[in-house]
Amino acid sequence: LQCSLDQLDETRTWALLPFLMAAVAELRAVRGDRTAARKLLVRAEELGELTGERWCKPEIMRLGAALLREDPGQKLDLLHGALELSREQGSHLWRLRCATDLAELLHRQGRSGEARELLAPIHGWFSEGLDMPDLRRATRLLEVLRSSAH
């Protein structure tokens with residue numbers, strides 16, 4: 001997979017490549033190879049800027065917050081930016097993912113009410129695909145956030 005990504009990059013076959021790199025970065029991170037994941041995200045961001053391919057930028061930013069930033073303030077800023085961009089683009093899936101990550105971070109900071117207020121309306125937008133992993137994750141988080149309010 002990495003060889004294919006490298007070949008696409010070397011031959012300047014850049015259409016969709018930032019998205020593919022972000023997806024592979026997420027897989028690499030899950031498998032414990034955070035160094036390779038970081039490199040892919042940095043290159044995905046570079047290619048997005050170079051080509052103007054912005055549709056997947058909120059996802060690249062979200063993953064960047066998770067993989068490239070250690071400082072909670074930087075993570076918050078990046079997630080807020082990704083959330084705003086996904087809202088501007090009308091991308092409900094990216095918005096859900098960004099809001100879920102942001103809500104988790106806020107919850108860890110003891111800001112559960114704020115996290116719930118952020119996530120609930122975005123989660124509520126979805127009426128189909130409720131068994132989708134992203135929605136199941138957001139639902140579980142909302143349950144935790146609601147129980148922490150009591």
Side-chain angles (χ1 to χ4, degrees), residues 1-109 111-112 114-116 118-123 125-126 128-145:
L1 189 57
Q2 185 63 51
C3 185
S4 295
L5 292 176
D6 292 343
Q7 186 178 22
L8 289 170
D9 196 8
E10 289 168 11
T11 59
R12 296 180 173 221
T13 310
W14 291 334
L16 298 176
L17 192 55
F19 170 71
L20 295 173
M21 287 180 161
V24 173
E26 186 173 26
L27 291 172
R28 288 213 178 238
V30 166
R31 296 188 57 87
D33 192 352
R34 292 177 66 87
T35 301
R38 285 183 181 106
K39 287 179 185 177
L40 280 167
L41 278 181
V42 167
R43 183 61 181 153
E45 194 170 343
E46 289 171 355
L47 285 175
E49 293 299 318
L50 183 65
T51 64
E53 190 170 323
R54 294 180 38 91
W55 68 272
C56 62
K57 186 168 181 166
E59 180 69 351
I60 292 170
M61 293 170 70
R62 179 187 75 85
L63 291 169
L67 300 175
L68 302 178
R69 304 291 186 263
E70 300 299 325
D71 178 78
Q74 290 179 340
K75 285 180 184 272
L76 279 173
D77 290 344
L78 200 50
L79 287 170
H80 276 294
L83 186 62
E84 179 59 25
L85 182 57
S86 64
R87 185 195 61 74
E88 290 170 8
Q89 292 179 343
S91 174
H92 297 293
L93 177 59
W94 296 157
R95 194 170 177 204
L96 178 68
R97 286 180 174 182
C98 293
T100 302
D101 285 9
L102 183 53
E104 285 178 342
L105 184 56
L106 292 170
H107 176 60
R108 285 194 303 271
Q109 294 178 343
R111 299 160 63 183
S112 297
E114 186 180 343
R116 187 177 58 256
L118 169 79
L119 183 57
I122 296 167
H123 176 272
W125 182 88
F126 291 87
E128 296 179 7
L130 300 177
D131 60 340
M132 184 176 75
D134 292 302
L135 276 170
R136 287 197 319 259
R137 179 175 165 238
T139 300
R140 283 191 305 271
L141 178 56
L142 278 172
E143 289 168 0
V144 168
L145 295 171

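The structure presented is a predicted model; accordingly, all values stated were derived computationally and were not measured. All values below come from the heavy atoms of this structure, side chains included, with hydrogens, waters and symmetry mates left out.
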Practice item. Any pair with a residue in residues 45-54 that passes salt bridge (charged side-chain N to carboxylate O under 4.0 Å, His left out), sequence neighbours left out, goes on the list, sorted by first then second residue, please. Key: Arg43-Glu46, Glu49-Lys57
Check your understanding: Which pairs with one or both residues in residues 17-32 pass side chain to side chain donor-acceptor pair (under 3.5 Å), sequence neighbours excluded?
Key -> Gln2-Arg28, Glu26-Arg62, Arg28-Asp33
Practice item. Would you mind reporting whether Leu83 and Leu118 have side-chain heavy atoms less than 4.5 Å apart? Key: yes
**Study point:** Glu70: salt bridge (Lys or Arg N to Asp or Glu O under 4.0 Å) partners, not counting sequence neighbours
**Key:** Arg38
Practice item. Please name all residues satisfying salt bridge (Lys or Arg N to Asp or Glu O under 4.0 Å) with Glu88, sequence neighbours left out, ordered by chain then number. Key: none
Point to revise | Worked verdict on Asp9 versus Trp14 for side chain to side chain contact (heavy atoms under 4.5 Å, CB included) | key: CA-CA 6 Å; Asp9 196 8; Trp14 291 334; 2.9 Å; yes
Point to revise | Contact list for residues 17-64, test ring pair (Phe, Tyr, Trp, His ring centres under 6.0 Å), sequence neighbours left out | key: Phe19-Trp55
Check your understanding: Do Pro133 and Arg136 have side chains that get closer than 4.5 Å, going by heavy atoms?
Key -> yes
Check your understanding: Can you tell me how far CD1 of Ile122 sits from OG1 of Thr100, rounded to the nearest 0.5 angstrom?
Key -> 8.0 Å
Point to revise | Atom pair CG/CG of Leu27 and Leu1 - distance to nearest 0.5 Å | key: 7.5 Å
Exercise for review: Measure the CG-CZ distance between Leu41 and Arg34 for me, rounded to the nearest 0.5 Å.
Suggested key: 10.0 Å
Review point. What pair of heavy atoms forms the shortest contact from Phe126 to Leu93, and how long is it?
Key: CZ-N, 4.3 Å
Exercise for review: Sorted by first residue and then second, give each ring pair (Phe, Tyr, Trp, His ring centres under 6.0 Å) pair with at least one member in residues 62-104; sequence neighbours left out.
Suggested key: His92-Trp125
Exercise for review: Can you sort out the partners of Arg137 under salt bridge (Lys or Arg N to Asp or Glu O under 4.0 Å), two or more places apart, ordered by chain and number?
Suggested key: Asp101, Glu104
Check your understanding: Gly48 and Pro18: which non-hydrogen atoms are nearest, and at how many Å?
Key -> N-CG, 4.0 Å
Review point. At their closest point, which heavy atom of Ile60 faces which heavy atom of Ala22, and how far apart are they?
Key: CG1-CB, 3.8 Å
Practice item. Might you point out which heavy atoms bring Gly81 and Met61 nearest each other, and give the distance in Å? Key: C-CE, 3.5 Å
Review point. What residues form a side-chain contact (heavy atoms from CB on, under 4.5 Å) with Arg69, not counting sequence neighbours?
Key: Gln74, Lys75, Leu78
Point to revise | Which atom of Leu67 lies closest to which atom of Ala29, heavy atoms considered | key: CD2-CB, 3.5 Å
Check your understanding: With sequence neighbours left out, what residues match Gln89 under side-chain hydrogen bond (donor to acceptor under 3.5 Å, both in side chains)?
Key -> none
**Study point:** For Leu135 against Leu96, the heavy-atom pair lying closest together
**Key:** CD2-CD2, 3.6 Å
Practice item. Would you mind reporting whether Cys3 and Asp6 have side-chain heavy atoms less than 4.5 Å apart? Key: no
Check your understanding: By side-chain hydrogen bond (donor to acceptor under 3.5 Å, both in side chains), which residues pair with Thr139, not counting sequence neighbours?
Key -> His123
Review point. With sequence neighbours left out, what residues match Thr13 under side-chain hydrogen bond (donor to acceptor under 3.5 Å, both in side chains)?
Key: Thr11
Point to revise | For Arg87, salt bridge (Lys or Arg N to Asp or Glu O under 4.0 Å) partners two or more places apart | key: Glu84
Check your understanding: Can you tell me how far CG of Leu130 sits from CD of Glu128, rounded to the nearest 0.5 angstrom?
Key -> 8.5 Å
